[in-house]
Each structure stands twice: as C-alpha cells, then as structure tokens.
Amino acid sequence: MQNSEIARAFDDLADLLEIDGANAFRLRAYRNASRMIADLPESMTAIVEDADRSPSELPGIGKDLAEKITTLVETGTLPQLDEMRDKIPPGVVEMLRLPGMGPKKAAILFHELSITTLEDLKQAAEQEQIRALKGFGKKTEESILEGLAHAQQSAGRVFLADAKIQADAIFESLSQLPSVQQIAAAGSLRRRRETVGDLDMLITADDSTEPMDALADHELVEKVLARGETKQRVRLRSGLEMDLRVVPAESYGAALQYFTGSKAHNIVVRRRAQERGLKINEYGVFRDEDAVAGQTEEEVYAAVDLPWIPPELREDRREFEWAENNALPTLIEIEDIRGDLHMHTTATDGTASIADMAAAAKKRKLKYIAITDHSKRVTMAQGLDAKRLRAHWKEIDKVNAETSGIEILKGIECDILEDATLDLPDDVLAEADWVIAVLHYGLKQPQDQIHKRLLTAIKNPHVSIIGHPTGRLIGKRPGAEMNMQEILKAAADHGVMMEINAHPSRLDLDDVAAAAAKDLGIPIVISTDAHATTGFDVLQYGIYQARRAGLEKKDVANTKTWGQFKKLLR
DNA sequence: GCCGTTTTCGGCCCGACTGTTTTCAGTCG
C-alpha cells in the first residue's frame, strides 16, 4: 500500500470523526499522522513488513495509530473508517468543502434535516428550511446556495505557476498605492509549494482603506467575500480566493512569518515561544504585554533561538533540526544552473529546430544543452527509431560545430517499455552523450512490474538518468506505484542520476523524493523538458522544488561545467 | 490520540471575521 493511501485514510477518518464531534486534539493526532506519512520518504508498508521495525518509531505515531497502520497495510481496510463511513454518508463530508460550512453545521444539517447529499442541501435551502435551524439564519442559507453554485467551477488547488501569475499582477497594482509601505505575497505561494489553494497578500500601511478598496476594484477580483479592519477576503475571476492582511510596520516580520506558514511549522515556532515564556502572534513577539520583536522575520526566529529559515523549508520536516544545529542548507539559486539536459525539437514533438533551441538556451546564459527527443514508442510524437536517431545526432553534431558559446549534446529520451526492455538497442544508446530513461506508458502496472522496468533501466550501463521518475501529472494522474526508497538505492548503487522535471504539472521528483535522493548522494539534474524556445521559462519551478527539497548547488549536477559533469557519468 | 529534563495525567498555537446572537460559536487560515 502506498503511503499516500494510508495518509488519505487517516485524513478521511479525521473528517468523519470531526463531524461526529470527536475531541479536537484526537483529530489533530490523525491529521498530523497523515501529513507525516505523506511526507515520509520511505515506504510505510516496508516498515510494517520489517520484523525489526514498527510504525510507532515515527514521531506522532503511538500504539493506537501503529495498530491502525498495520491493519491497513495487512488487510487493505480500516474497520473504524468503514464504521464511520456507514454512520456518515459521503455527501455530508462533501458539504465541508462549501465556504463557511464546517463539521458542526454539517452535523446539524445531517441530524436535524436528514440531509445526505449536496442535492438535498440545495433543496432544503431553496425551500427555506435551513434558516429555521438554531444557529442558522437567512444569510447562512443564502451563502449555502451561493457556495453550491460555485462548488462546480472552483478548481481547488491550482498550479504554483498559475497562482503566481495572478499574485504578481495584484502585487504590482497594490505596490504602487501611496499608502502601501511594504508588500509581500505569503502563504504556500511564498513557500513555493507545487500547488496553491489560495493567495495571501500582506501589506504594511497606516490605514487599510486604500489597499482594500483597490483590491476590491482590481480587474482580477470578482467578489469581496469578507472585509474587516485588518483582513479582507476576495474571490478572483479564476475561482482562486485571496486574503489581504494589513498590519502596522512594526509587525511586518511577525505577520510575514505568521502568514507564510506552514501551519505545522508555525505551531512549532509558537510552542518554542511558549517554552521561553513568550507569545507569538501576527503582531509580534510578546513577553507579557511588551513587544520584544516583530519588525523582521529574523527577529522573530531569533526570539526563539533560531536562525532565519528559508520559506521553502517551512513544513515542519527537518528545518528545525537543521536550524538548531546551524546546518541549514544554502539553497540552490536559478543562477547556479549551467546546462539543461532535457528538451525536444521538431524531430519529434518540439516546435523549434536544434539551432533555435541552442540560440534560446544561449540567450539564457546556458553553457550546454542536450537534445533529447523521444524514442519510437512515443508514436504520437513521431518518436525516433535507431536510423532516424542517428541521422538526428549527425545533425546535432553539425549544428554544434557551427555554434559557439554553447555545447550541444547528443541525447535521447528513451522509453522503458511495458515489458521491461528499452525502446532502443544498447549499441545505439552507447553512441549517445546522454540517455534519459523514462516511463510513459503502462503507468498503472503493478509495483513489481514498475520496479522491474526501472531496474532494467538503472542497470543498463548506457542510461545516464531516470527522467520524471514517477510519471505523475499533478492533479491529473498519480505516478506509477513504487517504493521510491528502493528505486533510489538502486540508482545510487549503479551511479544513475535522478531528474527533477521542472514542468509545473510534473515537478517529478517531488520535494520529498528529491530530499531522499540527496541523502543517498545521488546527483540530481533539474531539467525543463522544453518543447519550444519559451519552454526554458519553467526552470524556475524546478529550482523551487529543489529548494523545497533542501538542495544546494553542490547537489545539483547541472550547476557544474560540462567538463566536470562528465566525470559524474558512469 | 500523542507526549514527557514539569513523565502516565493534563496539556496540546492564535487571532479575525461573520452571523446569529445579545455575549458567543463556528469557521478559517
């Protein structure tokens, strides 16, 4: 069983228990466990199956949760979860997604009006049955109907890239207002998570009227959902929601730290404050009534005896351990990148020639690129067979000879076929400077077969790297089922590199897997997979993901010159 | 439900805004 499935079971159980009125701290225990398991680089199933180990060795897993995990892994189901599902229909859980609808209200609607589906809910609201309930009223009823009307179109989390474009546009407008002193985007956008659920914008100003009015009138804003003295919530035309917070300048650092999150990270920071007799909120760090810090984030962290922690690391994973030991990584920057080793041309499904891609790369100060068109299995892209590939390579050599200032390498993105063979023969692969092996098809095969395929590629002496290792498309399809730790160990043993594919819908390896790869000393390559001259733009997103993984310049092989890089190849 | 240099019970982060109340519960981040 995949870690994500175990995490999901605990999250679902927490939702159900919450509607059932369970103790809030019990829910937190389930949700903490869920998050910890989702972030775990090794397979929980492997831990359960190892006689010398137990899930209870992990933080936040006690006797009870360890038993539940074992049951889940061994039987595939969790009796407590099934019982709760029988007790509370799925439609009641769905109601939690409506804005303003939480577990308490959902439970009342279920128990008092026997509402079990969103359709029931709509009818009850239309028939004005809801306003009669205690704690509900006319406005609640109207907001339920509005929420239902919006439920279909609101997309949930969006790609970081899409969120950033909108946040940048609003940032640009608000930053020009006379009353705005400082402005920053916070939240998961600032932490560079691969998807963003909503936007957080922080402003320091003496008065919130002007920025709030300006936001309400912004062309991207559809509706103001709430507005108070310091906080305004709006819905953008895209469906994304955004919070604007306005605080005084002396609170800027505390507010930025607070609104950047993550929630789990902040809980640890505030607990550290408590231990030191301090209280941290968005206005500052306080000893009794006296503010002792708050103007900068550095001050806030210093108050709890920590150095400033880069936002990308603030997930309550390993950042506190690093910070305490003065061992925070110096995270990689986009300027560190010297080469791009994954891209396509008109030979397959790209839109630009070899020369055009090289020129575009040179413009971006890259010193070397590898042209890695598809192999023949990818028929949709008119993938290359041995003959066409050799002709393509000849062309690459020719363009390389005619081009100065950038090295153009002969590469191939070679499919790992469903039967665990490679799409091109060894003698062809042997002629390449750079071979990316990838899974494109048969991603739903059982784990055993996926492992067999990946190990075939890893053991092949001509394969340089595994490209987009899981094959996931964020929000669209899960990756192939695999024990990542096992695959990474094999890659480390055979000197095979691992890719972070920078495309915003892939970002594969993800942050957790990339951190695990680093721990094993595997050289990581951040690649754009560009299919056009503009395709290099996505590099930034690969860098963000690498930073979230705690990667430094030295961990990423394509920060080196090609001469140095070659020495890392087996 | 987890955890412990306050260790097997009693804690567990903190505040803004809304709607429904008439002092606060619920929701949200």
Side-chain angles (χ1 to χ4, degrees), chain A residues 10 13-14 17-19 21-36 55-69 80 95-109 130-144 146-147 186-191 196-202 208 212 224-235 241-247 251 254-255 257-286 300 304 316:
Chain A
F10 284 145
L13 187 51
L17 287 169
E18 191 170 21
I19 296 169
N23 176 295
F25 297 107
R26 189 177 163 209
L27 302 172
R28 183 187 291 176
Y30 281 110
R31 295 205 167 107
N32 280 344
S34 170
R35 190 177 56 83
M36 192 278 298
S56 61
E57 73 196 43
L58 298 162
I61 306 292
K63 189 163 170 282
D64 181 90
L65 286 175
E67 273 174 24
K68 286 191 168 70
I69 290 167
Q80 292 89 342
M95 287 196 266
L96 298 181
R97 291 211 313 268
L98 299 174
M101 179 72 71
K104 295 283 189 337
K105 283 185 178 160
I108 291 170
L109 291 167
I130 290 172
R131 63 182 67 184
L133 295 169
K134 186 172 161 58
F136 292 73
K138 189 160 172 279
K139 287 214 172 173
T140 314
E141 200 171 71
E142 286 165 1
S143 91
I144 286 172
E146 213 219 316
S188 51
L189 181 81
R190 182 163 181 245
R191 302 202 311 280
V196 170
D198 62 6
L199 302 177
D200 290 284
M201 195 74 73
L202 173 68
S208 66
M212 285 191 183
V224 176
L225 300 174
R227 177 167 174 171
E229 277 296 299
T230 67
K231 175 176 159 182
Q232 182 179 34
R233 188 166 179 87
V234 300
R235 183 166 62 228
E241 294 185 1
M242 172 171 159
D243 278 332
L244 175 68
R245 324 270 184 146
V246 184
V247 300
S251 299
Q257 196 284 326
Y258 183 74
F259 296 128
T260 296
S262 65
K263 192 173 171 176
H265 175 91
N266 284 356
I267 285 174
V268 176
V269 170
R270 293 198 289 275
R271 197 164 53 218
R272 290 179 69 97
Q274 278 189 327
E275 289 163 6
R276 288 161 177 77
L278 301 168
K279 187 179 76 170
I280 296 183
N281 59 29
E282 55 264 58
Y283 299 108
V285 182
F286 298 88
V300 175
V304 293
D316 187 22

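Computation of the quantities below employed the complete heavy-atom set of this structure, encompassing side-chain atoms and omitting hydrogens, waters and symmetry-equivalent molecules. Here is the naming used below: chain letters follow the sequence lines, and residue numbers restart at 1 for every chain.
- Contact check for Gln257(A) versus His265(A): side-chain heavy atoms found under the 4.5 Å cut-off.
- With sequence neighbours excluded, the residues forming a side chain to side chain donor-acceptor pair (under 3.5 Å) with Asp64(A) are Lys68(A), listed by chain and number.
- Nucleotide dT8(B) forms no Watson-Crick or G-U wobble pair with any nucleotide shown, as no partner meets the under 3.5 Å limit on both distances.
- Of the two residues near DNA chain B, Gln232(A) and Ile280(A), the one whose nearest nucleotide lies more 5' is Ile280(A).
- Looking at residues two or more places apart in sequence or on another chain, you find a side chain to side chain donor-acceptor pair (under 3.5 Å) between Arg272(A) and Glu324(A).
- Note: NE2 (His265(A)) to P (dC14(B)) measures 15 Å, nearest angstrom.
- Remark: the separation of the C1' atoms in dT23(B) and dG19(B) is 13 Å, to the nearest Å.
- Taking atom C1' on both nucleotides, dG1(B) is separated from dT5(B) by 24 Å, rounded to a whole Å.
- Separation of the C1' atoms belonging to dG15(B) and dG10(B) is 24 Å when rounded to the nearest angstrom.
- Arg235(A) is linked by a side chain to side chain donor-acceptor pair (under 3.5 Å) to Glu146(A), His150(A), Glu222(A), counting only residues two or more places apart in sequence or in another chain.
- Applying the side chain to side chain contact (heavy atoms under 4.5 Å, CB included) criterion to Ala186(A), with sequence neighbours excluded, gives Asp200(A), Leu256(A), Phe259(A), Thr260(A).
- With sequence neighbours excluded, no residue forms a side chain to side chain contact (heavy atoms under 4.5 Å, CB included) with Ala132(A).
- Whole-Å rounding puts the Leu225(A) CG to dA16(B) C1' distance at 15 Å.
- Spacing between atom CD of Glu67(A) and atom P of dG1(B) amounts to 11 Å, rounded to whole angstrom units.
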Spell out protein contact along nucleotides 20-29 of chain B as letters: B when the base is contacted, S when just the sugar-phosphate is, - when no protein heavy atom is under 4.0 Å; keep the 5' to 3' order. SS----SSSB
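- With rounding to whole Å, Asn32(A) atom CG is found 10 Å from dC3(B) atom P.
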Review item, nucleotides 5-12 of chain B N/O atoms under 3.5 Å of protein N/O:
{"from": "dC12(B)", "atom 1": "O3'", "to": "Arg28(A)", "atom 2": "NH1", "distance (Å)": "3.4"}

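- With both ends at atom C1', the span from dC12(B) to dT8(B) equals 16 Å, rounded to whole Å.
- With C1' as the reference atom, dT21(B) and dC14(B) are 24 Å apart, rounded to whole Å.
- In terms of the side chain to side chain donor-acceptor pair (under 3.5 Å) criterion, residue partners of Arg227(A) (sequence neighbours excluded) are, by chain and number, Asp213(A).
- Checked against side chain to side chain contact (heavy atoms under 4.5 Å, CB included), Lys138(A) has the following partners two or more places apart in sequence or in another chain: Arg131(A), Glu142(A).
- Within the structure, a side-chain polar atom (N or O) of Thr230(A) is placed less than 4.0 Å from OP1 or OP2 of dC17(B).
- In this structure, Ile69(A) atom CD1 and dG1(B) atom P are separated by 13 Å, rounded to whole Å.
- When the C1' atom is used for both dT20(B) and dC24(B), the distance is 9 Å, rounded to whole Å.
- No side-chain heavy atom of Ser208(A) sits less than 4.5 Å from a side-chain heavy atom of Thr230(A).
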